[in-house]
Amino acid sequence: MMQARSLADRIRHALMFEAIALMLFIPIFTYFLGYSIASMGVVGMVSSIVATLWNFVYNILYDKVMYRLRGKLDKTVKDRVLHAILFEFGLLFLLIPFISWYLNITIIKALIMDLWIVAFYLFFAFFFNLLYDRVFRAQRHQALVASVETQAAE
């Protein structure tokens, strides 16, 4: 039986994800795009905060719409794909005006930059989660075994 992650594990995951992503994002995008490290730091931090807040709001809205349309929250693979695509489009819509304004570039240049940011985060998320699961799987397994042993002893 698979046990859900604890709140502490979810917090550790989110903080590590954002911290490591920014430590990679800022120098990589500074180097390849030619903006200052301060500018890419601001873009990275604002993008991270907006993405986190958008994720919270979006998931609530998506679930409400899904429940209203279907009367349940179970998601198919097709639902997950639609969920991810709509999330990214919403995030693009939210971030492009900021990037354009802050870096004083056109909306088209901001769109192109944001598409590169999306690509970066897609690859980063895949590899981060793969590595995170391998590193912390043993901890979750030990916690599960301890929980089962405690329940068996009662």
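Keep in mind it's a predicted model, so treat the numbers as computed, not measured.
Checking side-chain atoms of Asn129 against main-chain N and O of Ala125 turns up a donor-acceptor pair under 3.5 Å. Put simply, the side chain of Trp54 gets close to the backbone of Phe87: a donor and an acceptor are under 3.5 Å apart.
Note on Tyr62 and Val65: separate hydrophobic clusters, where clusters join Ile, Leu, Val, Met, Phe, Trp and Tyr whose side-chain heavy atoms are under 4.5 Å apart, directly or indirectly. Linking Ile, Leu, Val, Met, Phe, Trp and Tyr whenever their side-chain heavy atoms come within less than 4.5 Å leaves Met113 and Leu122 in two separate clusters. Hydrophobic clustering, with ILVMFWY side chains joined whenever heavy atoms are under 4.5 angstrom apart, keeps Leu94 apart from Ile49. Val118 and Met45 fall into different hydrophobic clusters, where Ile, Leu, Val, Met, Phe, Trp and Tyr residues are linked whenever their side-chain heavy atoms come under 4.5 Å apart, directly or through other members. Val135 and Phe124 fall within a single hydrophobic cluster, where Ile, Leu, Val, Met, Phe, Trp and Tyr side chains are chained together by heavy-atom contacts under 4.5 Å.
The other members of the hydrophobic cluster of Phe126, by chain and number, are Phe123, Phe127, Leu130 (side-chain heavy atoms under 4.5 Å, ILVMFWY only).
Listed here is the closest heavy atom pair of Leu91 and Asp114: O-OD2, 4.2 Å.
Looking only at side-chain heavy atoms (C-beta outward), Leu53 and Tyr58 stay at 4.5 Å or farther from each other. Annotation: side chain of Lys109 is not in contact with side chain of Leu103 (no heavy-atom distance under 4.5 Å). At least one side-chain heavy atom of Phe128 sits under 4.5 Å from a side-chain heavy atom of His13. The shortest distance between side-chain heavy atoms of Leu92 and Phe89 falls below 4.5 Å.
Shown here are the ring-ring contact (aromatic ring centres under 6.0 Å, His included) partners of Tyr121, two or more places apart in sequence or in another chain: there are none. Listed by chain and residue number, Arg70, Thr76 satisfy the side-chain hydrogen bond (donor to acceptor under 3.5 Å, both in side chains) test with Asp79 (two or more places apart in sequence, or in another chain). In this view, Ser47 satisfies the side-chain hydrogen bond (donor to acceptor under 3.5 Å, both in side chains) rule with no residue, not counting sequence neighbours. Leu111 pairs by the side chain to side chain contact (heavy atoms under 4.5 Å, CB included) definition with Ile96, Leu115, not counting sequence neighbours. Legend: residues meeting side chain to side chain contact (heavy atoms under 4.5 Å, CB included) with Leu61, ordered by chain and number and at least two apart, are Val57. Contacts of Asp63 classified as side-chain hydrogen bond (donor to acceptor under 3.5 Å, both in side chains), with partners at least two apart in sequence or in another chain: Lys75. Partners of Ile108 under the side chain to side chain contact (heavy atoms under 4.5 Å, CB included) rule, at least two apart in sequence or in another chain, are Thr106, Ile112. Residues passing the side chain to side chain contact (heavy atoms under 4.5 Å, CB included) test with Val42, sequence neighbours excluded: Val46, Phe98, Tyr102.
To the nearest 0.5 Å, the span separating CZ on Phe93 from CG on Leu86 amounts to 13.5 Å.
Under the side chain to side chain donor-acceptor pair (under 3.5 Å) criterion, the residue pairs touching residues 81-101 are Asn59-His83, with sequence neighbours excluded.
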Please list, one pair per line, the donor and acceptor atoms closer than 3.5 Å that link side chains of residues 16-36 to other protein atoms, with sequence neighbours excluded.
from: Glu18; atom 1: OE1; to: Ser48; atom 2: OG; distance (Å): 2.4
from: Thr30; atom 1: OG1; to: Ile26; atom 2: O; distance (Å): 2.6
from: Ser36; atom 1: OG; to: Ser39; atom 2: N; distance (Å): 3.0
from: Ser36; atom 1: OG; to: Ser39; atom 2: OG; distance (Å): 3.0

